[in-house]
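Some notes on the structure that comes next.
Each chain gets a letter, A, B and so on, in the order the sequences are listed, and its residues count up from 1. Every value quoted in this text rests on a predicted model; they were computed, and no experiment measured them.
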2 protein chains.
Amino acid sequence: MKHKITLKDIARELDVSISTVSKALKNSEEISTDTREKVQAFARLYNYKPNNIAISLKNKRTKNIGVIIPDIVHHFFTTVFRGIEKYANARGYNVIVCVSDESFDKEVINMELLANGSIDGFIMALSAETQMRNDFNHLREVTNQGIPLVLFDRVTEEITCDRVIIDDEAAGREVTQRLLRAGRKRIALFTTESYLNVSAKRESGYRKALEANGIPVNADLILRLPFQFEDEGFSEAFLKRHPEVDAVVCVNEIFAIRGMRLAQQLGRRVPEDISFIGFTDGILSRYSSPSLTTVDQHGEQMGETAAALLIGKVEREYDETDEDNYRTEVIPVTLIERESALLRT
Amino acid sequence: MKHKITLKDIARELDVSISTVSKALKNSEEISTDTREKVQAFARLYNYKPNNIAISLKNKRTKNIGVIIPDIVHHFFTTVFRGIEKYANARGYNVIVCVSDESFDKEVINMELLANGSIDGFIMALSAETQMRNDFNHLREVTNQGIPLVLFDRVTEEITCDRVIIDDEAAGREVTQRLLRAGRKRIALFTTESYLNVSAKRESGYRKALEANGIPVNADLILRLPFQFEDEGFSEAFLKRHPEVDAVVCVNEIFAIRGMRLAQQLGRRVPEDISFIGFTDGILSRYSSPSLTTVDQHGEQMGETAAALLIGKVEREYDETDEDNYRTEVIPVTLIERESALLRT
DNA sequence: TATTAACACGAAACCGTTTTCGCAGTTGAT
DNA sequence: ATCAACTGCGAAAACGGTTTCGTGTTAATA
């Protein structure tokens, strides 16, 4: 095994001091052209590369950013991750990913592990369990240490930090509104348990749209599905129980796809008899039959924005206690109109 | 900003030496019970956590593993990644992900960056461009430095390292064989350009199955699709040109889904008129209409196996020059029978 | 000729740990 | 009383860099 060459090795070989080598490699004016060239030639020859760890220790900067997401096998998070990775990489940062698996404990453990010098900052989406427990001490711990934090999608207001979100309520309102305008009368909502803040906000938008149109919200038309497990027939029972429903707003892609399949199996035509609109523009939406009309959250852009905010903080000096330094970026969404909903009357 | 506490701080406060603090925290017998307790109590109180970077520098071990994959928004790679992350995390390792984006240059740059001390080993799938160029010097560079490397899925024989693969040829043979047994006569193949070794092997299996059944391979029935871009109507033209085709073997999920849609749009019934079998058991396969019969590569298991091999190497002393130390693990595949292919006659 | 400035380089501190080794001071045995 | 062994701790080197501050040599200036 070829031992990796260090400054010390070069210094020994060339019979100069370590400092001289270090400076020569940085092309410091302090070192004579002669020596500089000699050192640089030698370094090139033996393919010298400085040790990242040593530099990190010295600079107290790792050029690593930590990303903690609930799940990686999930199109939305994957897309955001790509945006983060792309932006970070272009600026010389590497990305360490930890998957919390929707577990509070894993989230805490991973954060603490990374917070001890491994990363310069965090980008994360809260796990479901964290949102349910409403316990954010691990986040506070980290920000108190002066480690920059950017939350996206699954965020909380309890922590002073940057945020990248979409306007979930407006989006929920918008899609419901569009269905109403297209003449739909009985609009159902397929959502998750309400502790997920995005779901709660989308639901709130749904409710507001109905109310704004003088339609009373019927709690029976709101179906709360367990989001981690397979739907145990809840949707099917719901669709059978409510033949009058002519449109469904779904808080994610998968609920919509499953719903559509079941509706079709029950002999209902999509979108003629019943329209479906989802959230997240993943491959499923594009390739399902019919293809799904859905809200594109522009995950990649969210990721890039989050990375930009984080790296900005990392590289700039700033006053942590100044609330004005924290921004909440709202990424505009786009409704992708496909086949699963009739929106033009 | 609360400054992170160090050994030095504790030593100063308690008026002992840094060495004493270090030993006390490790519960060394060398230190009196009194001092130990005092130090430990103080450390707990101020929530002392050792600096990972300093430890890495000292130990020359980072507890980070580098993962380089061509694409993260791709179900198979994501699944493998989850397996890696799961296994690694359980053993106290973090995972740094770099996306090569199918580009040779990015792959090289990322590897070189990480190889300078940031990681203890690599797990990777080669980019398409790397496979096309057949240039593996960056891999050789890394292994020469004694950095363990595990290749998965997109591998090469040119490098001495561990590998985790499926038997692509056998799988290609198997699915073709099953279609033949089910009475299909004109079986087409939708594949990528042949420089991707997995595609090449699957094609080889397809050919062998046909030959074994006395059916001449008809090159016209092999459609090579650009895999990075949207299919510009090639599949459609193919299906129109070959109405006699009654089954298609596809080297990935997306080719199969697109093929099915087009076939259906052309008025052909799937699976009655034409059967489709794909590779990769992603969400698309499960939720398409009809659902896709596909080869499950068990990505998560591949990831776990790769991580196990890597961490084994990292933590064990071994002789790099001994070829016997390198293993190629073949993960058994499973054919998931769904609706898109009639396999029982 | 004495002073000074520029030049080229090295010593050493520092980042935060771990670990070896040595050194007092105490204890117990001879 | 002498020596050995043990106890409890600290100094210092090491990991691989960066950076500040000297310092000796040479050449220019008074």
Sequence-aligned protein contact record of nucleotides 10-22 of chain C, with B where the base is within under 4.0 Å of a protein heavy atom and S where only the sugar-phosphate is: BBB-BBBBBBBB-
Interface with DNA chain C, restricted to residues 31-44 of chain A and to heavy atoms under 4.0 Å: A:Ile31, A:Ser32, A:Thr35
Pairs touching residues 147-160 of chain A that satisfy salt bridge (charged side-chain N to carboxylate O under 4.0 Å, His left out), sequence neighbours left out: A:Glu102-A:Arg154
A:Lys313 side chain vs A:Asn325 backbone, donor-acceptor pair below 3.5 Å: yes
Pairs touching residues 29-40 of chain B that satisfy salt bridge (charged side-chain N to carboxylate O under 4.0 Å, His left out), sequence neighbours left out: B:Lys23-B:Glu30
Tell me which donor-acceptor pairs under 3.5 Å the side chains of residues 86-94 of chain A have, and how far apart each pair is, sequence neighbours excluded?
residue : atom : partner  : partner atom : Å
A:Lys86 : NZ   : A:Glu300 : OE2          : 3.0
A:Asn89 : ND2  : A:Glu85  : OE2          : 2.7
A:Tyr93 : OH   : A:Glu315 : OE2          : 2.8

Partners passing side chain to side chain contact (heavy atoms under 4.5 Å, CB included) against B:Ser56 (at least two apart in sequence or in another chain): A:Ile53, B:Thr62
For chain A, the stretch of DNA chain D it reaches, first to last nucleotide, under 4.0 Å of its heavy atoms: D:dC15 to D:dC21
Terminal helix-axis angle for the helix from C:dT1-D:dA30 to C:dT30-D:dA1, with five pairs defining each axis and rounding to 10 degrees: 80°
ring-ring contact (aromatic ring centres under 6.0 Å, His included) pairs, two or more places apart, involving residues 28-71 of chain A: A:Phe42-A:Tyr46
Sequence neighbours excluded, every pair satisfying salt bridge (charged side-chain N to carboxylate O under 4.0 Å, His left out) that has a member inside residues 6-22 of chain B: B:Asp9-B:Arg12
B:Glu329-B:Thr305 side chain donor-acceptor pair, cut-off 3.5 Å: no
Check against side-chain contact (heavy atoms from CB on, under 4.5 Å), A:Thr6 and A:Asn51: CA-CA 8 Å; A:Thr6 69; A:Asn51 180 310; over 6 Å; no
Non-neighbouring partners of A:Asn116 that pass side chain to side chain donor-acceptor pair (under 3.5 Å), sequence neighbours left out: B:Lys4
Donor-acceptor pair, side chain of B:Asn197 and main chain of B:Val155, under 3.5 angstrom: yes
Residue pairs involving residues 98-151 of chain A (criterion ring-ring contact (aromatic ring centres under 6.0 Å, His included); sequence neighbours excluded): A:Phe104-A:His138
